[in-house]
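Treat the numbers as computed from the prediction; the structure is a model and nothing was measured. First the proteins, then the strands, lettered A, B, ... as listed; each starts at 1. Note that these values count all heavy atoms, side chains included, but never hydrogens, waters or copies made by symmetry.
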Amino acid sequence: MTSLRLHDSMRRQKVAFEPLQPGKVGMYVCGPTPYAPAHIGHAYSAISFDTIRRSLKFLGFDVRYVRNITDVEDKIIKAAHESNEDPMALAARFTDDYNRDMARFNVMAPDIEPKVSTHIAEIIALIEKLVANGSAYATEGDVYFECDTFKPYGQLSGQSLEDLRAGASDRELVEKSKKSSADFALWKAAKPGEPFWDSPWGKGRPGWHIECSAMTHSHLGETFDIHGGGKDLIFPHHENEIAQSQGAYGTNTFARHWMHNGFLNFGGVKMSKSLGNVFGCGEIAKAVGGEALRFFCVKHHYRSPIDFEVEEIRSADGTPTGVRFRSLEAADRDLEYFYITLQKIDAFGAGDDGAVLPDAEKLITSAREALADDFNSPKVMAALHEAATLANKLLAEGKGLDKQLRKRSIARLGKDLRTVGDSLGIFSADPAVYLRERRARLVERKGIDVAVVEGLLAERVAARAAKDYARGDAIRTELGGLGVELLDTPQGTDWRVHDDAS
RNA sequence: GGAGCCAUCGCCAAGUGGUAAGGCAAUGGUCUGCAAAACCAUCAUUCCCCGGUUCAAAUCCGGGUGGCUCCUCCA
């Protein structure tokens with residue numbers, strides 16, 4: 001097993017990863033609050049940690065991956081009231097939606113997907129423990145965690161309680177029943193019309209943070225290896241989780257490593273509803289395909305903020321008619337190169353057993369080294385490109401090479417491209433299916449009439465058969481004007497949509 | 001006000017003390033009836049600016065400039 005180094009948000013540097021049990025990883029990632037359709041930001045976070053999970057597997061670890069669903073929360077209740085729907089039903093609906101959307105991006109289902117609603121007893125037990133040991137106090141049906149009882153508070157986010165109080169008082173957020181503005185709710189008394197559960201403090205529901213402390217404990221134990229989530233969750237969510245869990249179980253418990261992924265920005269600006277730059281997963285998948293987004297994400301390092309180019313399309317009179325995802329379109333072009341290469345490799349056939357060219361067996365090692373260095377997926381991309389280039393070279397030119405050695409090497413490259421691709425969640429589609437779907441997307445985007453194309457194509461085949469090259473070239477030019485490129489091969493003529501940046 | 005991040009070729013993007021990965025684009029070439037695809041070659045003496053530390057800095061320190069995020073629901 002390769003020794004792994006990862007960036008730990010708590011220590012703010014790359015550290016050696018030492019799992020509690022050799023070869024095993026217990027990992028918890030904060031999942032969504034399902035109150036609306038998932039957007040591309042949810043996807044980025046899910047993809048980032050799915051890639052880490054897959055990479056850990058690739059590196060030889062046995063991973064237990066837990067991703068929660070916050071199905072009891074203010075936003076759900078609010079959305080349910082607006083749509084006159086039962087909150088739990090609404091959450092269940094959007095949970096299914098979320099999982100279906102993530103599947104578009106090859107995000108694997110978690111090993112365990114705990115929900116707040118099925119962990120109420122564990123949550124109450126944890127709160128009781130905190131009340132009993134003096135870390136929390138009940139007031140008017142609410143229970144708050146008292147931050148002053150937890151000395152290390154603020155370690156993860158680098159905030160001090162004094163600074164936080166100063167900031168809070170400016171905004172008049174001090175709730176009357178709290179001892180201090182920094183204290184946060186573990187349990188909230190139910191208001192009329194809200195879902196509730198019975199508890200020692202009356203009818204109510206859990207606060208936002210406590211679920212993760214309870215669920216990690218249930219499914220991974222007091223101490224586990226990795227806790228992950230989006231950068232925005234560092235404060236207050238993860239800070240509060242630490243306070244709760246360590247307040248209950250001791251300061252050497254809870255997550256041994258913290259990992260956070262960067263944000264997705266649009267033109268250098270954060271995504272937000274007010275700026276109108278929130279894009280749904282379905283919209284992305286329809287425009288460029290799910291794998292293009294995945295590919296785009298893993299081309300970047302998970303900790304970097306990634307910038308996303310979106311262009312508004314307007315008709316001649318200036319009316320917005322849609323958007324183009326330029327960065328994703330570019331990623332899709334890059335992805336196509338790999339699928340075309342894989343298709344050619346597959347068609348070339350398998351070789352017999354035996355040695356391969358030295359350069360044809362470097363990919364796995366390169367990928368392992370790159371991923372073991374804080375999951376450097378962009379570095380893996382470079383290795384994938386090198387391997388694909390070599391495969392294409394061997395496919396095009398067999399001169400001076402032993403026939404079987406060449407065949408074995410090409411087959412090996414194909415196998416390793418898929419193995420390494422799998423560690424990033426890419427290249428798992430059938431090349432023919434991918435290429436067919438991609439062409440369909442481009443036909444749609446460019447408004448190409450397939451019947452016209454195929455008619456001209458048939459005409460050109462006839463002209464070339466009659467050695468009427470002038471007519472054939474004229475048709476090529478005509479199709480070029482429609483945005484269609486012809487690919488003459490020994491097997492016949494295929495066509496593709498010319499995909500430049502325009 | 002407090003906490004933190006980022007700035008690397010026209011564009012995207014790794015690299016965080018040892019002498020600038022990779023992709024796109026571009027240019028030339030091979031192949032092709034012509035093309036496309038594919039392959040080959042060329043493409044940052046330099047990493048926002050100014051100082052400093054060091055035998056050695058894109059990488060460390062100090063000071064600027066520009067951009068961004070968190071502290072409030074947020075992936």
Across all strands, who's sitting opposite [N] as a Watson-Crick or G-U wobble pair, both distances under 3.5 Å?
N: B:rC68; answer: B:rG4
N: B:rG62; answer: B:rC50
N: B:rG17; answer: none
N: B:rC24; answer: B:rG10
N: B:rC43; answer: none

What residues, two or more places apart in sequence or in another chain, satisfy salt bridge (charged side-chain N to carboxylate O under 4.0 Å, His left out) together with [X]?
X: A:E361; value: A:R412
X: A:K379; value: none
X: A:R12; value: none
X: A:R5; value: none

Kindly write out the residues that satisfy side chain to side chain contact (heavy atoms under 4.5 Å, CB included) with A:E82, not counting sequence neighbours, or none if the list is empty.
-> A:K78
At under 4.0 Å, does any side-chain N or O of [X] touch on OP1 or OP2 of [N]?
X: A:N392; N: B:rC39; answer: yes
X: A:N376; N: B:rG15; answer: yes
X: A:K393; N: B:rC40; answer: yes

Protein proximity profile, nucleotides 3-8 of chain B - base contact B, sugar-phosphate-only contact S, no contact -, cut-off 4.0 Å on heavy atoms = SS----
Its contact letters, B for base, S for sugar-phosphate only and - for none at protein heavy atoms under 4.0 Å, make nucleotides 21-26 of chain B read BSS---
Does the ring centre of A:F325 sit less than 6.0 Å away from the ring centre of A:F279?
-> yes
Ring centres of A:F338 and A:H385 under 6.0 Å apart?
->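 They qualify: ring centres under 6.0 Å apart.
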I want to verify a distance call: between [options], whose nearest atom is closest to the [X] side chain?
X: A:R476; options: B:rC34, B:rA36, B:rA37; value: B:rC34
X: A:H301; options: B:rA14, B:rC34, B:rA75; value: B:rA14
X: A:D488; options: B:rA36, B:rA38, B:rA35; value: B:rA35
X: A:K75; options: B:rA14, B:rA38, B:rC74; value: B:rC74

Using atom C1' of each nucleotide, how far apart are B:rA14 and B:rU8 to the nearest Å?
-> 10 Å
Would you say whether A:F263 stacks on B:rA75? The test is a distance between ring centres of less than 5.5 Å and an angle between planes of less than 30°.
-> yes
When the side chains of residues 457-467 of chain A are checked against the rest of the protein, which donor-acceptor pairs come out under 3.5 Å, sequence neighbours left out?
residue	atom	partner	partner atom	Å
A:E459	OE2	A:R471	NE	3.0
A:E459	OE2	A:R471	NH2	2.3
A:R460	NE	A:G472	O	3.2
A:R460	NH1	A:D488	OD1	3.2
A:R460	NH2	A:D488	OD2	2.9
A:R464	NH1	A:D488	OD1	3.3

Classify the side chain of A:D473 versus the base of B:rG33 as yes if they form a donor-acceptor pair under 3.5 Å and no if they do not.
-> yes
With sequence neighbours excluded, residues passing side chain to side chain donor-acceptor pair (under 3.5 Å) with A:D97 =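 Residues passing side chain to side chain donor-acceptor pair (under 3.5 Å) with A:D97: A:R100.
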